[in-house]
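Because only heavy atoms are used, hydrogens play no part in the values below, and waters and symmetry mates are left out as well, while side chains stay in.
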There are 2 protein chains.
Amino acid sequence: MQTSTTQPAAEGYPDELISSALFLLKRLGMTAKDESFRAYEEAGLHPYHYAILALLDEGVRETQGAIAQALGYDKGQLVGLLDELERAGFVERRRDTVDRRRHFVLMTPSGREALERLRRLSAELDERFLAPLTDAERDQLHALLLKLAQAHLPNCRKVAAISAAS
Amino acid sequence: MQTSTTQPAAEGYPDELISSALFLLKRLGMTAKDESFRAYEEAGLHPYHYAILALLDEGVRETQGAIAQALGYDKGQLVGLLDELERAGFVERRRDTVDRRRHFVLMTPSGREALERLRRLSAELDERFLAPLTDAERDQLHALLLKLAQAHLPNCRKVAAISAAS
DNA sequence: TATTGTTATACTCTATAACTATA
DNA sequence: TATAGTTATAGAGTATAACAATA
């Protein structure tokens with residue numbers, strides 16, 4: 001579709017939007033999400049699956065409710081994600097013997113392998129998306145986003161300890 | 001809901017996710033989008049309406065197709081947005097007399113007033129969301145996001161000229 | 001009666017594609 | 001035949017709420 005000759009069409013976002021950090025954050029966040037989804041899809045998984053496996057790898061025996069809370073997912077949504085992971089053989093659900101309403105979720109050996117693959121994929125995506133930035137700029141960006149995350153993402157609050165320690 | 005005593009539940013995102021700038025960008029972008037939507041909703045509008053009015057304020061006579069292209073919206077989606085703006089009296093559609101398939105979109109005086117209000121709202125939202133950052137850090141963040149935007153957001157490409165000029 | 005996990009439902013957002021009127 | 005705008009449809013993603021089992 002070539003630009004019409006009878007009218008000088010606008011070529012992109014208005015300047016006043018581009019000069020808003022929040023606007024850029026929203027658009028870039030959506031773009032990053034879309035690109036991630038597509039990339040994970042080629043691996044037959046979703047970023048959510050990666051988050052679940054990464055959480056399980058932290059060593060704590062997690063019930064479904066705890067997983068949903070830690071990742072900020074709806075518990076109904078989590079059921080389907082765990083179904084998929086279980087079908088793929090990456091996790092197992094095991095009933096808690098002392099409280100039979102609860103199910104612990106355990107990662108299997110092949111789940112650990114999948115996690116490794118997902119880690120590499122995640123690193124590639126970071127690398128690709130942040131390619132325009134130098135290493136120093138990437139560190140800057142991460143530090144700034146972390147500050148915002150601690151204020152705005154309830155599930156990032158605990159990082160206060162981490163960032164203080166590192 | 002208090003944490004159960006029988007199991008040490010995870011309290012938030014896994015560290016490996018938090019250490020990814022892309023992960024934080026995605027989550028913060030979604031949060032920012034949600035908060036913006038809610039705030040604009042109280043004003044009876046959407047961020048998209050602001051984008052459209054801001055574009056029209058740049059002075060060029062825009063057809064609907066040009067608006068959709070400039071903002072990256074689906075043309076079918078734009079129809080509804082313009083309907084709402086027109087119902088509110090903020091824009092008018094006027095047929096192009098030389099090519100009667102086309103409609104120019106013009107902002108009305110009360111549309112200009114609405115734009116002023118939306119600008120104030122947008123500034124407030126930026127201020128509120130970036131509150132954890134100093135002025136210098138906000139500039140840093142904006143510069144970094146702009147670099148990424150020029151690489152990843154097609155409709156931000158033109159800013160190369162702007163940022164070089166400023 | 002409250003809680004864990006499951007299922008069903010509905011609602012938003014978006015993408016696609018059919019449709020009209022004009023060219 | 002192709003294009004500008006409109007309308008209709010379908011899909012993904014998400015949130016809500018009803019439900020069964022257990023406490």
Side-chain angles (χ1 to χ4, degrees), chain A residues 1-7 9 26-27 29-31 33-38 40-41 45-49 51-52 61-87 91-106, chain B residues 1-7 9 26-27 29-31 33-34 36-38 40-41 46-49 51-52 61-87 91-106:
Chain A
M1 178 220 288
Q2 68 273 21
T3 310
S4 158
T5 53
T6 61
Q7 44 135 4
K26 287 188 284 185
R27 293 318 269 217
M30 286 191 278
T31 301
K33 192 185 177 186
D34 291 345
E35 286 188 18
S36 294
F37 264 73
R38 259 196 303 280
Y40 281 79
E41 212 165 41
L45 292 169
H46 292 277
Y48 298 141
H49 292 128
I52 294 169
R61 280 200 139 202
E62 303 284 4
T63 62
Q64 296 191 198
I67 294 172
Q69 197 194 353
L71 299 179
Y73 298 164
D74 181 82
K75 65 178 179 174
Q77 187 185 0
L78 185 65
V79 172
L81 292 167
L82 289 177
D83 288 346
E84 290 158 0
L85 286 173
E86 200 166 28
R87 237 184 337 259
V91 304
E92 279 178 27
R93 275 185 261 226
R94 202 165 297 168
R95 243 202 164 83
D96 183 352
T97 49
V98 321
D99 183 343
R100 293 176 42 76
R101 290 173 304 182
R102 294 185 169 171
H103 291 261
F104 287 115
V105 181
L106 307 171
Chain B
M1 178 219 287
Q2 68 273 22
T3 311
S4 158
T5 53
T6 61
Q7 44 135 2
K26 287 188 284 185
R27 293 318 270 218
M30 287 190 277
T31 301
K33 192 185 178 188
D34 291 345
S36 293
F37 264 74
R38 257 195 304 280
Y40 281 78
E41 212 164 43
H46 292 277
Y48 297 142
H49 292 128
I52 294 169
R61 279 200 139 201
E62 304 284 5
T63 62
Q64 297 191 197
I67 294 172
Q69 197 192 352
L71 299 179
Y73 297 165
D74 181 81
K75 66 178 178 174
Q77 187 185 1
L78 184 65
V79 172
L81 292 167
L82 289 177
D83 287 346
E84 289 158 1
L85 285 172
E86 199 165 30
R87 233 180 344 254
V91 304
E92 278 178 27
R93 276 185 260 225
R94 201 165 296 168
R95 244 202 163 84
D96 183 351
T97 49
V98 321
D99 183 343
R100 294 177 40 77
R101 291 173 304 182
R102 295 187 169 169
H103 292 261
F104 287 114
V105 181
L106 307 171

Any N or O donor-acceptor pair linking the side chain of A:Arg100 to the base of D:dT22 at under 3.5 Å?
-> no
To the nearest Å, how far apart are A:Tyr40 OH and D:dA12 P?
-> 21 Å
Whole angstrom is fine here: how far is it from CG in B:Asp96 over to C1' in C:dT22?
-> 12 Å
Given C:dT20, is OP1 or OP2 found less than 4.0 Å from the side-chain N or O atoms of B:Arg101?
-> no
With sequence neighbours left out, what residues match B:Arg101 under side-chain contact (heavy atoms from CB on, under 4.5 Å)?
-> B:Asp99
Within the pair B:Gln77 and C:dT16, is there a side-chain N or O less than 4.0 Å away from OP1 or OP2?
-> no
Nucleotide C:dT4, atom P - distance to OH of A:Tyr73 in whole Å | 20 Å
How many Å lie between CZ on A:Arg38 and C1' on C:dT14, as a whole number?
-> 14 Å
Residue-phosphate contact under 4.0 Å: B:Tyr48 side-chain N/O, C:dT14 OP1/OP2 | yes
Closer to the 5' end of DNA chain D via nearest nucleotide, is it A:Asp99 or A:His46?
-> A:His46
Phosphate OP1/OP2 of D:dA4: any B:Arg102 side-chain N/O under 4.0 Å = yes
When you match A:Met30 and A:Gln64 each to their closest nucleotide on DNA chain C, which lands nearer the 5' end?
-> A:Gln64
List for me each residue that meets side-chain contact (heavy atoms from CB on, under 4.5 Å) alongside A:Arg94, sequence neighbours excluded, and say none if there are none.
-> A:Glu92, A:Leu106
Residue A:Lys33, side-chain atoms from C-beta onward, closest of D:dT7, D:dG13, C:dC13 = D:dG13
Establish, with yes or no, whether the OP1 or OP2 oxygen of D:dT6 is under 4.0 angstrom from a side-chain nitrogen or oxygen of B:Arg93.
-> yes
Round to the nearest Å and state the distance from B:Glu41 atom CD to C:dC13 atom P.
-> 8 Å
Are the side chains of A:Val105 and A:Leu82 in touch, meaning some heavy atoms are under 4.5 Å apart?
-> yes
Round to a whole Å and report the spacing from CZ of A:Arg94 to P of C:dG5.
-> 15 Å
Residue whose nearest DNA chain C nucleotide is more 5′ - A:Asp83 or B:Arg95 = A:Asp83
Take atom CG of B:Asp74 and atom P of D:dA4, then tell me their distance rounded to the nearest Å.
-> 14 Å
Name the one of B:Arg102, B:His103, B:Arg93 that satisfies side chain to side chain donor-acceptor pair (under 3.5 Å) with B:Gln64?
-> B:Arg93
Using only side-chain N and O atoms of A:Lys75, determine if any of them is under 4.0 Å from OP1 or OP2 of D:dT14.
-> no
Between A:Arg100 and A:Arg95, what is the shortest heavy-atom contact and its length?
-> O-NE, 2.7 Å
Taking CG from A:Asp34 and C1' from C:dA15, how many angstroms apart are they, rounded to a whole number?
-> 12 Å
